[in-house]
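In what follows, chains carry the letters A, B, and so on, assigned in the order in which the sequence lines appear, proteins first and then strands, with residues in each chain numbered from 1.
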Amino acid sequence: GAGVSQSPRYKVAKRGQDVALRCDPISGHVSLFWYQQALGQGPEFLTYFQNEAQLDKSGLPSDRFFAERPEGSVSTLKIQRTQQEDSAVYLCASSSSGGTYGYTFGSGTRLTVV
Amino acid sequence: AQKVTQAQTEISVVEKEDVTLDCVYETRDTTYYLFWYKQPPSGELVFLIRRNSFDEQNEISGRYSWNFQKSTSSFNFTITASQVVDSAVYFCALSAREGDNDMRFGAGTRLTVKP
């Protein structure tokens, strides 16, 4: 596609519920990144894929967070047993290179845990 | 450790004024990359510029200009003759070493341009 597409745009989850956030990167982009952006803050790195390989997951805040990209294109970020502190915008970005040339970001998924 | 500081949380100007957004960074790496992104109300981050640590030449693109000074570890962004459409949150970011996948963002500066 022309840009990075994320769905859903908004998600409200009850505390304890599992959620799945989807990212469709730009076609052909090898690198895919997930970021978490809390209200009034800059994005914080969560995890990075090169094709289907998850090369860095050091930013995932807990083992409740899991990301996959099984075929090297679409990626899913799953959060199990959501908690209120998980409320944030989750941004996906893709790049044709490792990322030092700048990423293309999606519009994000705003997750609210109530 | 890598760190990006944007000391200005919010700036408000009147249309046609010039405005400078400050960015100060910290890194121990000699090779690094600096970025500016714009985040309009729609939410997506729009890439504006990338700079590598070996290129201190200032850059101008239309009404936008960037001043990179290694001596003060700063990478400031100036908008000349601001317009209402410039209203957004602007983020400065740092990525060190080729292939480094951990881009660090500053907290952002919210710019409001009033008509």
A/I26-A/L77 co-clustered via ILVMFWY side chain contacts under 4.5 Å: no
Closest approach of B/L45 to A/P43 (non-hydrogen atoms, all atoms of both residues): CD1-CG, 3.7 Å
Rounded to the nearest 0.5 Å, what's the gap from CE on B/M103 to OG on A/S95? Could you check? 8.5 Å
Partner residues of B/V85 under the side chain to side chain contact (heavy atoms under 4.5 Å, CB included) criterion, sequence neighbours left out: B/Q83
Out of curiosity, does A/L32 fall in the hydrophobic cluster containing A/Y90 (side-chain heavy atoms, cut-off under 4.5 Å, transitive links)? yes
Count I, L, V, M, F, W, Y as connected when their side-chain heavy atoms are under 4.5 Å apart, and connections chain through other members. Are B/L48 and B/I11 then in the same cluster? yes
Proximity of B/F105 and A/Y35 rings by center, below 6.0 Å: yes
Contact class of A/E44 relative to chain B, heavy atoms under 4.5 angstrom: neither
Is it the case that atom CZ in B/R110 sees more than 12 heavy atoms from other parts of the structure closer than 6.0 Å? no
At under 4.5 Å between heavy atoms, what parts of residues 105-114 of chain A are in contact with chain B? List them by residue number. A/F105, A/G106, A/S107
Check for a donor-acceptor pair, side chain of B/Y37 on one end and backbone N or O of A/Y103 on the other, with a separation under 3.5 Å. yes
Residue B/K70 excluded, over 12 heavy atoms near NZ under 6.0 Å: yes
Exceeds 12 heavy-atom contacts within 6.0 angstrom, atom CD of A/E85: yes
Starting at CZ of B/F91, measure out to CD of A/Q41 and round the result to the nearest 0.5 Å. 8.5 Å
Given the rule that I, L, V, M, F, W and Y join up when any side-chain heavy atoms are under 4.5 Å apart, are A/V89 and A/F65 in one cluster? no
If you group Ile, Leu, Val, Met, Phe, Trp and Tyr by side-chain heavy-atom gaps below 4.5 Å, do B/I49 and B/L34 land in one group? yes
For B/Q39, is it the side chain, the backbone, both, or neither that has a heavy atom closer than 4.5 Å to a heavy atom of chain A? side chain
